[in-house]
S.K.: 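Here it is: the structure, laid out below.
Note that the coordinates shown come from a computational prediction; the quantities given were computed from them, not determined experimentally. Letters go in sequence order (proteins before strands), and every chain restarts at 1.
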Number of protein chains: 4
Amino acid sequence: MTSKIKQRGKDGRRWRRRKDKRPGEIRMAALECFGERGFAGTRLDDVAERAGVTKGTLYLYFQNKEDLFKAVVSEELVPNIVRIESLLSEKELPAPEALAQLMRFWVKTFTTTRLSILPKLVISEVGNFPELAEFYIHEVIDRGFALVGGILRRGIDEGDFREINVEETIISVIAPAIVTMLWKHSFEPHGSRKLDPVTLVETHIEIILRGLGRNPAAL
Amino acid sequence: MTSKIKQRGKDGRRWRRRKDKRPGEIRMAALECFGERGFAGTRLDDVAERAGVTKGTLYLYFQNKEDLFKAVVSEELVPNIVRIESLLSEKELPAPEALAQLMRFWVKTFTTTRLSILPKLVISEVGNFPELAEFYIHEVIDRGFALVGGILRRGIDEGDFREINVEETIISVIAPAIVTMLWKHSFEPHGSRKLDPVTLVETHIEIILRGLGRNPAAL
Amino acid sequence: MTSKIKQRGKDGRRWRRRKDKRPGEIRMAALECFGERGFAGTRLDDVAERAGVTKGTLYLYFQNKEDLFKAVVSEELVPNIVRIESLLSEKELPAPEALAQLMRFWVKTFTTTRLSILPKLVISEVGNFPELAEFYIHEVIDRGFALVGGILRRGIDEGDFREINVEETIISVIAPAIVTMLWKHSFEPHGSRKLDPVTLVETHIEIILRGLGRNPAAL
Amino acid sequence: MTSKIKQRGKDGRRWRRRKDKRPGEIRMAALECFGERGFAGTRLDDVAERAGVTKGTLYLYFQNKEDLFKAVVSEELVPNIVRIESLLSEKELPAPEALAQLMRFWVKTFTTTRLSILPKLVISEVGNFPELAEFYIHEVIDRGFALVGGILRRGIDEGDFREINVEETIISVIAPAIVTMLWKHSFEPHGSRKLDPVTLVETHIEIILRGLGRNPAAL
DNA sequence: GATGAATGAGCTTTCATTCAT
DNA sequence: GATGAATGAAAGCTCATTCAT
């Protein structure tokens, strides 16, 4: 688009034009609504109200409801994918440490961003948005699998892990994180026990690292 | 709801096969539709068509869409909860074996029933159906936690498992099963890699049992 | 059952299913509305009310407003085009008589059908419906021109008409009919003088035949 | 509406020009839009864009969309009505020549002004604007009829025309001009054959004068 | 004067629900 | 019991209009 003149505003304006801020605010409101009620169950009136605008305003920034939905997913995902990318390029730690770091990084992301609602949203709505599936599988799942699978393979090569079935082990490693995210947004709001990601991850790390270790005597 | 009007034929037959099967057929069709598109995204026309009846017929058996939805969830869950109950009362195996059996039982259920779509359905729709949350948390989650938690505690008591944080470990144990169910219905229809529950569970059992074992020398 | 006062019509039914009649009734109502207010200016509520149904019913028979509009034009046009076709194949009269008959046939059509609103509708809406232009030009205008042009050429060949510029003369011949149709639907409802098609056509026939004649003295 | 305030800049500033021209530019843009898509089908965004201003600017010059529409019609019509008035007061020619001159004058107007879109616009929109009908009937149609009717009556009185039915003959005389105007804006943009007003009028003049003549041999 | 972000009434469209058949 | 034409409330979307800048 074009470079918009900076709006230096003094105080005392009844409302301001916030062309630059609005889209993000709307996406955030939409993320919450879609996360809570799903795509079809979300009314644009609700999104608008939560964003502090009226329905018509949504259409200044998004072509239609579907466009807004896709914007919400991709805009939330993309910057976070970039953050994950940076992890990938970090210095090579021993595999067990790398695995532990990765899981602790997830805890940080989980507690500091709104990203955690996306798995629920995607899982719920792929049935209605096939392109979403393609995007998510390719950009998130495949990358995540490659990342964890790489560490596991390295751990085997370097003698830290026993000869495990990598593809299946990936699931054992990451599943608790996924379940925790779903849990937070589906059951915690309705009074179920709360899952503490920090404790959970530390417990899980120990189980996994012991479980993958070479010494079979434990069994 | 079900009006208990006596409808005996003059030949004494109590049940007309067709009449008797309709509700189940409709629930099954509804389960598939709701699973694919969610509650709001499902049209009763589609449910009716898939059930081989017309829209009006749905209202002969269910008060409304919401009633149908709840019937679908509870009717699918209840008999399967009963099956799980029977597991609970089985003869006491050593904890590691009990855990392995439980997970293999899950594989069987997963591959032989349509139950596996329910986690997705529940996770997607609890935002719109708070009672559903209550029901599911109480009837499924709490029971499941109690079941796995009981085995874990027994394993600790009997010296098979080290002193682990039971609550968090439960998640590590069951998360892969949950993820597999969600995966099957959300990503596999859209071309992602397939998860094989048998291999996955065997791999997971070994990781978990090794991970929970007493001998720490492996680390 | 509850004691519900049934509001029966005179035939004893509250409403009847009239799947076979409805589409035609709706098209007729739509024809009038579109004719009066144009496509964009017509509200489906008005069409529905005039057809004696509710808005939703329109969607049982037509995909959307545009589909209804096209159905109105083509359904009204097609059968009348067929009628015109039959004229084409009639026995060959002398050209002057054929011209007079054609114009009198138009009067009959004008006074006995609702066809006369279509020129106004088409002229008003071709800007929004390019396919409509194509259809109308090809099916109505070109055929009409061919018909009148054929008679004129025959008249010249057979010595009844002088050597006139056929293409332009066609306009002189048919224009009053077109103007009368537009007039009826645009100005007469607002109090302008009324045009009497019978007198008008007889006057026009005489002017045209005299105007085209070789030896006007013969008249 | 049009306040003809003289704005001769005392210092000869040219920038006032722009301000002065805005309303006319907007009316012109609106004329084209309304002509193409009708009143309801025209968006003010489109008018603004075509006029090279923004939507808000339209409201500096016109109260609302309807006001703009009426301004467009009246501002285009009034000056042209004045031109027609001047024809009326011209020296009295013999009726046949007057008729021919009148029709040739129409050709000139048709080819040099944008007036020709107005019949289409008025015919299309009178259903939505009853006052427009009144205005047009009174200011354009009645005057036009009086003008042509006057010539015809004079022609009869002076022995140039036979005893024709004046009211109906008026239609035969003017209809081709009306049809040509409608044609130009409705069908020519969509690829139909083009009507050449010059040839058409010359052909029509000859038909009409022969058709009306007492002693056609005179021609 | 000019702008264009924001509004909200009004329209099209959908679909759960009803009910005469 | 079963149907499906009909309904109407609710939602998505458009666009004339406003108003702070």
S.K.: How is C:Leu60 classified with respect to the nucleic acid when contacts are heavy atoms under 4.0 Å: base, sugar-phosphate, or nothing?
M.R.: base

S.K.: Relative to the 5' end of DNA chain F, which residue comes earlier, B:Thr54 or C:Thr57, by the nucleotide with the nearest heavy atom?
M.R.: B:Thr54

S.K.: To the nearest Å, how far apart are B:Lys65 NZ and E:dC15 P?
M.R.: 9 Å

S.K.: Just how far, in rounded Å, is P of E:dT14 from CZ of A:Phe39?
M.R.: 14 Å

S.K.: Starting the side chain at C-beta, find the nucleotide from F:dA6, E:dA6, F:dA2 nearest to A:Arg22.
M.R.: E:dA6

S.K.: Could you give the CD1-to-P distance, from A:Ile26 to E:dA6, as a whole number of Å?
M.R.: 8 Å

S.K.: Between F:dA6, E:dT7, F:dG1, which nucleotide has the shortest distance from any of its atoms to the side chain of C:Tyr61?
M.R.: F:dA6

S.K.: I'd like to know if the side chain of C:Thr57 reaches the main chain of C:Val53, judged simply by a donor and an acceptor atom lying under 3.5 Å from each other, with no hydrogens or angles considered.
M.R.: no

S.K.: Which nucleotide, if any, forms a Watson-Crick or G-U wobble pair with E:dA2, using both distances under 3.5 Å?
M.R.: F:dT21

S.K.: Rounding to a whole Å, what distance do you find between D:Asp45:CG and E:dT3:P?
M.R.: 13 Å

S.K.: Between E:dT14 atom C1' and A:Asn64 atom CG, what is the distance in whole Å?
M.R.: 16 Å

S.K.: Using only heavy-atom distances, decide whether a donor-acceptor pair under 3.5 angstrom links the side-chain of B:Lys55 to the base of E:dT17.
M.R.: yes

S.K.: Compute the ring centroids of D:Phe39 and D:Phe129, then answer whether they are less than 6.0 Å apart.
M.R.: yes

S.K.: Let me know, please, whether C:Leu44 or A:Leu58 comes out on the 5' side of the other along DNA chain E by nearest nucleotide.
M.R.: A:Leu58

S.K.: Has C:Glu49 got more than 12 heavy atoms of other residues, nucleotides or ligands less than 6.0 Å from its CD?
M.R.: no

S.K.: E:dA5, OP1 or OP2 - any side-chain N/O from A:Tyr59 closer than 4.0 Å?
M.R.: no

S.K.: With distance as the sole test, does A:Thr42 use its side chain to make a donor-acceptor pair with the main-chain N or O of A:Cys33 at under 3.5 Å?
M.R.: yes

S.K.: From CZ of D:Arg43 over to P of F:dC15, roughly how many Å is that when rounded to an integer?
M.R.: 5 Å

S.K.: Locate the shortest heavy-atom distance separating A:Phe62 from A:Pro23; write the atom from each residue and the value.
M.R.: CZ-O, 4.0 Å

S.K.: Between D:Glu66 (CD) and F:dA16 (C1'), how many Å, whole number?
M.R.: 12 Å

S.K.: Once you round it to whole Å, what is the distance between P of E:dA16 and CD of B:Glu49?
M.R.: 14 Å

